[in-house]
Protein chains: 2
Amino acid sequence: MDRKQLIMEKAIELFAARGFDATSVQQITDHCGISKGAFYLSFKSKDELINEIIDYFMKRFTTGVDRVVKESTEPERKLFNLYLYLFTEFQRHSDFANMFVKDRLHTLNEDLLIKIHRYDQLMNHSILHLLRECYGTKIEKTKYELLYNIKGLLDIYSHIIFTYHMPIDANHLADVLVERTHLLANYSQKVFINEVMFRNFNEKMNFEIKNVQQSIDSEIKYLLDILTNPLEVESVEILNKELQKSKPSHAIIKGMLENIKSNDQCHWLIYLVQSHLEM
Amino acid sequence: MDRKQLIMEKAIELFAARGFDATSVQQITDHCGISKGAFYLSFKSKDELINEIIDYFMKRFTTGVDRVVKESTEPERKLFNLYLYLFTEFQRHSDFANMFVKDRLHTLNEDLLIKIHRYDQLMNHSILHLLRECYGTKIEKTKYELLYNIKGLLDIYSHIIFTYHMPIDANHLADVLVERTHLLANYSQKVFINEVMFRNFNEKMNFEIKNVQQSIDSEIKYLLDILTNPLEVESVEILNKELQKSKPSHAIIKGMLENIKSNDQCHWLIYLVQSHLEM
DNA sequence: GTTGACACTGACCGATTAGTCATTTATTAT
DNA sequence: ATAATAAATGACTAATCGGTCAGTGTCAAC
């Protein structure tokens, strides 16, 4: 398990510098100080590696954004925190973010693109929720436009940061972006991206949306494999049993989720269960 | 010469769909219906192909933007025309734009990245000029920020158009973007990107800026090679002689530029000479 | 009909790739 | 100490890559 972590970290460094296609498995294993054979003990293929890397970080960012949006502070503060969180995370995991910004990864298989699109949709959902909290019905017509304007700003500043290797003051940048968001939200009148178009985006990627229950099952199975803390293992087991019931107790579920909250690896499961039960 | 055009067009189609690295020379030649050997009669290498493609389109876009900015209509109208021009061009050459948006091309040699960066700087210069015309001293502090905010918007809408293969109403989109630009220009107070940072961007790419005179010389040499219209050939020759003089006549230069204006292939030379003499 | 100039072909080359597997090394159990 | 098991190795394969070049086909000149 430790081995996988090592390979992923070292691989990201190389992917960030050279891109995915241009980095060979041999280069990765050299950089790790292991043999090529050892790589294939941890990963079935090079594709599986990039798959797991993207999964790991996208889960992390998605749950992180969701956590910020669900905070119990005033909405405007949350907007600031959202920007702050994203740029702080981008800096903390600059190699991954760099890889993601530079490589558009369109070389990869369709499945991976769809997966990325799904995470993107989850993040859209969270951001739209926050925007509704901040600006209410005022932005009813312009909310989708606003969403993409914000994403445009996020993209360009990320791009600047990574192409010029700039260390930045995330607080300062977040402050500026909140001002820009207020401007766009409060004064925009004209609309290009309407609801029909927004739905169209998501339908063009017409993959069968994976059953949430199924996602939860596989995530529980995965966690039971890797978790070591007995309390956490037991909590996940109880949670699993409870979810099988036709009328699961919200109290038990909430308690179990609380038990595993402190472990980062469990955040995706928490996010999935909460979404499933609309807690 | 026709052969080169064919290869470039077919190659762009494949690059747009699969990316540069993932497209082999064999695939390109198959798609053209020619042999692999014939490819190397037109291009020294695969790198030279991508180089010429990028050169061709970047010259085209850069001169196009410059032309819009130098129009003699009122500034606000020019801003609209700028957006309109860019999105119209992106649609007209959607394969190239798609390739450029998807592939970040960072796999390629450093020279090409620097070249792209130079074109980017030229476009920044034009846009900043226009913004100064539109908003005057009001945006003195925020102009660099405004420039990148605009670029963020351009990026995200381009991204949407290409990933979802949407046909768009460029007039409508340009109208919306003009409104957003006005908002950001008139009400933004806080600043993240200041002049120091902006200069930093360009210094980080610390290539020796190629002598403009040198660029003009090589462009003239190139045009004399490919031009067929006798009037144009003669005009370029006269222009060349005039530029060699210590005190070239602006009247003659202006006239010669006018003579070749109608040929698209000459626009880059016109742009270079005008920049050189600040006409 | 012969010649020379030219565009064009596709088999071929060396290099590099992802992935495999017989063999060796390390660890654990007895 | 020995046997049994697991972990790790790197030479190997088959495929693909960009790029080359001896040879083929075509056409105009004489």
Side-chain angles (χ1 to χ4, degrees), chain A residues 1-55 99 102-103 105-113 225-226 228, chain B residues 1-55 99 102-103 105-113 225-226 228:
Chain A
M1 217 48 64
D2 211 30
R3 197 28 82 79
K4 277 185 110 163
Q5 198 71 26
L6 171 75
I7 293 173
M8 284 169 71
E9 278 171 20
K10 295 292 184 183
I12 290 169
E13 289 175 21
L14 296 178
F15 290 160
R18 291 188 256 264
F20 177 72
D21 278 330
T23 305
S24 69
V25 174
Q26 188 69 61
Q27 285 173 321
I28 295 168
T29 54
D30 284 353
H31 198 227
C32 293
I34 61 172
S35 72
K36 205 170 166 186
F39 174 89
Y40 287 94
L41 293 176
S42 295
F43 297 95
K44 277 213 303 281
S45 67
K46 195 183 166 190
D47 267 0
E48 193 183 86
L49 169 65
I50 189 70
N51 236 290
E52 291 211 15
I53 288 174
I54 288 179
D55 239 36
M99 177 190 102
K102 279 186 179 172
D103 243 326
L105 300 167
H106 65 123
T107 312
L108 305 176
N109 52 55
E110 195 75 8
D111 288 349
L112 196 48
L113 288 182
D225 243 27
I226 62 158
T228 50
Chain B
M1 216 52 59
D2 211 29
R3 204 17 87 78
K4 276 186 108 164
Q5 199 70 26
L6 171 75
I7 294 173
M8 283 171 72
E9 277 171 23
K10 295 292 184 184
I12 289 170
E13 288 176 22
L14 296 178
F15 290 160
R18 292 188 253 264
F20 177 72
D21 278 332
T23 305
S24 69
V25 173
Q26 187 72 61
Q27 286 172 321
I28 295 169
T29 54
D30 285 353
H31 199 228
C32 294
I34 61 172
S35 71
K36 206 170 164 184
F39 174 90
Y40 286 95
L41 293 176
S42 296
F43 296 95
K44 278 213 303 278
S45 67
K46 195 183 168 192
D47 267 359
E48 192 183 85
L49 168 64
I50 189 71
N51 237 289
E52 291 210 15
I53 289 174
I54 287 178
D55 240 36
M99 177 191 101
K102 279 185 179 171
D103 242 327
L105 301 168
H106 64 121
T107 312
L108 306 177
N109 51 55
E110 194 74 9
D111 288 349
L112 196 48
L113 289 181
D225 243 28
I226 62 158
T228 52

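Every heavy atom of this structure was used, including side-chain atoms; hydrogens, water molecules and symmetry mates were not. This one's a predicted model, so the numbers in the text were calculated from it and none came from an experiment.
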For this session: Test side-chain contact (heavy atoms from CB on, under 4.5 Å) on Ile53(B) and Phe20(B) and set out the steps.
Result: CA-CA 12 Å; Ile53(B) 289 174; Phe20(B) 177 72; over 6 Å; no

Listing, residues 32-43 of chain A side-chain donor-acceptor contacts under 3.5 Å, not counting sequence neighbours, or none:
unit_1	atom_1	unit_2	atom_2	d
Ser35(A)	OG	Ala38(A)	N	3.3

When rounded to the nearest 0.5 Å, the distance separating CZ of Phe15(B) from NZ of Lys10(B) is 14.0 Å

Could you list, one pair per line, each protein nitrogen or oxygen that sits under 3.5 Å from a nitrogen or oxygen of nucleotides 12-21 of chain C, together with the distance?
unit_1	atom_1	unit_2	atom_2	d
dA18(C)	OP1	Lys46(A)	NZ	2.9
dA18(C)	OP2	Val25(A)	N	3.0
dA18(C)	N7	Lys36(A)	NZ	2.9
dG19(C)	OP2	Tyr40(A)	OH	3.1
dG19(C)	OP2	Lys46(A)	N	2.9
dG19(C)	N7	Lys36(A)	NZ	3.0
dG19(C)	O6	Lys36(A)	NZ	2.7

Separation of dA7(C) atom C1' from Asp2(B) atom CG, nearest Å, is 14 Å

Correct closest heavy-atom pair for Lys46(B) and Asp21(B) would be NZ-O, 3.9 Å

Do Asp2(B) and Leu6(B) have side chains that get closer than 4.5 Å, going by heavy atoms? no

Under 4.0 Å between a side-chain N or O of Arg3(B) and OP1 or OP2 of dC8(C)?
yes

Check your understanding: Which part of the nucleic acid does Leu41(A) contact within heavy-atom distance under 4.0 Å: base, sugar-phosphate only, or nothing?
Key -> base

Ile34(B) atom CD1 is separated from dG19(D) atom C1', nearest whole Å, by 15 Å

Donor-acceptor pairs are to be reported for all side-chain atoms of residues 22-29 of chain A against protein atoms at under 3.5 Å, with residues two or more places apart or in another chain.
unit_1	atom_1	unit_2	atom_2	d
Thr23(A)	OG1	Gly19(A)	O	2.7
Ser24(A)	OG	Gln27(A)	N	3.2
Gln26(A)	NE2	Asp30(A)	OD1	3.3
Gln27(A)	OE1	Ser24(A)	N	2.9
Thr29(A)	OG1	Val25(A)	O	3.2
Thr29(A)	OG1	Gln26(A)	O	2.9

From CD1 of Ile7(B) across to C1' of dA7(C) the rounded distance in Å is 13 Å

